[in-house]
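Here is the structure we will look at, set down as structure tokens.
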Amino acid sequence: ISFTHIDEIRQNLCKKNKNRFAKKKFSFLKIGFFTVDEKEIRWTKKSSAQNKKLEYWELHISQIGKYDYPFGYIEVHKKNISTFNFSKIKKNSFFAYFDLKSIDFPLIVRCRKAGDQMLVFGNASMTKTIKNIFIDEHVDKEQRNKVPIFFSQNKILWAAGVIRSNHALVHESVHEILEILVFPFD
């Protein structure tokens, strides 16, 4: 069973009962929060200043493995620097590498929130809001809530498919690498 299956069930139950969270009648599904294979997934409906409905989602990655998120799946691998080929690192916006020693688990993966800021890659002192980064990188408005944003220690590491931060950079003195691969459905 995947997030997609449970979300379809939730949507159908909510449509029939006109209760967005359907907590009382369908508490066995723990709508609004549930655990699948020890991977926590949360979502709620929130409205923005323009009264548009936004789907909020959050995933906690506590160990190496494969994880589903609402718009695809994520693979997390640990690599030893002695067997890692630095020439393999290419500019692919859905693959990222981090210094494992600088990362604290669980990693939080979620959609954007108002006010999210990150330390921009290549500039150790420049922070930018995710909103401005998405505008600068020409991310479609419809796609912005689908972009998985990775956090460690409440710092943004990476907005998958868009930009990487300046945290947990890989260099020659690093012994272990955290490799994160994102495979979006569309």
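FYI, the numbering just counts along the sequence from 1.
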- Task: Mind running side chain to side chain contact (heavy atoms under 4.5 Å, CB included) on Leu59 and Ile74 for me, showing each step along the way?
- Result: CA-CA 10 Å; Leu59 171 68; Ile74 299 165; 4.1 Å; yes
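- At a threshold of 4.0 Å, the pair Lys78-Glu176 counts as salt-bridged, since one of the basic side-chain nitrogens sits closer than that to a carboxylate oxygen.
- A centroid separation of 6.0 Å or more is found between the aromatic rings of Phe71 and Phe185.
- Residues Ser152 and Asp104 come closest through the heavy atom pair OG-N, 2.9 Å.
- Note that the CG atom of Leu169 and the NE2 atom of His171 stand 7.0 Å from one another [nearest 0.5 Å].
- Between Lys131 and Asp136, none of the side-chain N atoms (NZ, or NE/NH1/NH2) sits under 4.0 Å from a carboxylate O, so this pair counts as no salt bridge.
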- Apply side chain to side chain contact (heavy atoms under 4.5 Å, CB included) to Ile149 and Arg112, showing your working. CA-CA 7 Å; Ile149 301 174; Arg112 68 188 174 128; 3.8 Å; yes
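- Val147 and Ala160 get closest at one heavy-atom pair: CG1-O, 3.4 Å.
- Closest approach of Ser62 and Tyr67 over heavy atoms only: N-OH, 3.7 Å.
- The two residues Lys146 and Tyr69 come nearest to each other via the heavy atoms O-CE1, 3.8 Å.
- Scanning all heavy atoms of the two residues, the minimum distance from Gln63 to Phe105 falls at N-CD2, 4.2 Å.
- By the 6.0 Å contact criterion, CG on Asn132 is enclosed, its count of non-hydrogen atoms from other residues, nucleotides or ligands being greater than 12.
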- Message: If you apply the rule side chain to side chain contact (heavy atoms under 4.5 Å, CB included), what do you find for Cys111 with Tyr56, and how did you get there?
- Response: CA-CA 6 Å; Cys111 65; Tyr56 176 79; 3.6 Å; yes
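- There is a path of hydrophobic side-chain contacts, each under 4.5 Å, that joins Val182 to Trp57.
- The aromatic rings of Phe183 and Tyr73 lie parallel to each other, with less than 30° between the two planes, well short of the 60° mark.
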